[in-house]
Amino acid sequence: MQRILAADTAGHTGLKAHEYASYALAGATPVAIFSSKDSVLRKTADFVFSLAIPIHTHICMNAVVSDYIPRAARGPVRVGVLGMSVVTYLGIMKMNLSGPGVTETVKGLWRRPHA
């Protein structure tokens, strides 16, 4: 559990997880942008986002905790970061399973609302 809570200090495993999440985000982003709305590629990219975004942000936010939070307060803050990561994963999965998906949701930010 300590390796998950302090993901930025998990050594080689944490660095590799962050690296692979970064590769997944870099690969899935153009696929999501250029694939058609209901295609298998778009759905695959959305599910890649559902894993890669929480993993990437969890590790990065733990690095912020290590840099800026006093040692005595790090434990509770790391538990909060883990909670945020779980809620992020669940929210993205909800968008993917019962909503338009991450990509359509983000693309919708640039569309004009229908009158």
Hey, can you pull the donor-acceptor pairs under 3.5 Å for the side chains in residues 82-90, sequence neighbours left out?
residue : atom : partner : partner atom : Å
Ser85   : OG   : His58   : ND1          : 2.9
Ser85   : OG   : Val81   : O            : 3.0
Thr88   : OG1  : Met84   : O            : 2.7

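Not counting sequence neighbours, the partners of Ser22 by the side chain to side chain donor-acceptor pair (under 3.5 Å) test are His56. Checked against side chain to side chain donor-acceptor pair (under 3.5 Å), Arg111 has the following partners two or more places apart in sequence or in another chain: Glu104.
Within the structure, the side-chain hydrogen bond (donor to acceptor under 3.5 Å, both in side chains) test picks out the following pairs touching residues 24-39 (sequence neighbours left out): Ser35-Arg42. Legend: salt bridge (charged side-chain N to carboxylate O under 4.0 Å, His left out) pairs involving residues 72-98, not counting sequence neighbours, sorted by first then second residue: Asp8-Arg78. Pairs passing the salt bridge (charged side-chain N to carboxylate O under 4.0 Å, His left out) check and including a residue from residues 44-70, sequence neighbours excluded, do not occur.
In terms of heavy atoms, Ala72 sits closest to Pro76 at O-CD, 4.5 Å. Here the closest heavy-atom approach between residue Pro100 and residue Thr105 is recorded as CG-OG1, 3.4 Å. Residue Pro54 comes nearest to Leu51 through the heavy atom pair CD-O, 3.4 Å, listed as atom of the first residue, atom of the second, then distance. Considering every non-hydrogen atom in both Ala32 and Lys107, the closest pair reads O-NZ, 4.1 Å.
Listed for the Lys43 side chain is no donor-acceptor partner under 3.5 Å among the backbone atoms of Asn96.
For the atom pair CD (Glu19) and CD1 (Ile59), the distance works out to 11.0 Å, reported to the nearest 0.5 Å. One distance of note links CZ of Phe49 with OG1 of Thr103; it measures 5.0 Å at 0.5 Å rounding.
Residues Leu25 and Met95 are members of one and the same hydrophobic cluster, defined by side-chain heavy-atom contacts under 4.5 angstrom among Ile, Leu, Val, Met, Phe, Trp and Tyr. Follow the hydrophobic side-chain contacts under 4.5 Å out from Val48 and you never reach Ile33; the two are in separate clusters. In the hydrophobic clustering of ILVMFWY residues, with side-chain heavy atoms under 4.5 Å counting as a link, Val65 and Met61 come out together. Cluster membership check: Val106 shares its hydrophobic cluster with Ile92, using side-chain heavy-atom separations under 4.5 Å among Ile, Leu, Val, Met, Phe, Trp and Tyr.
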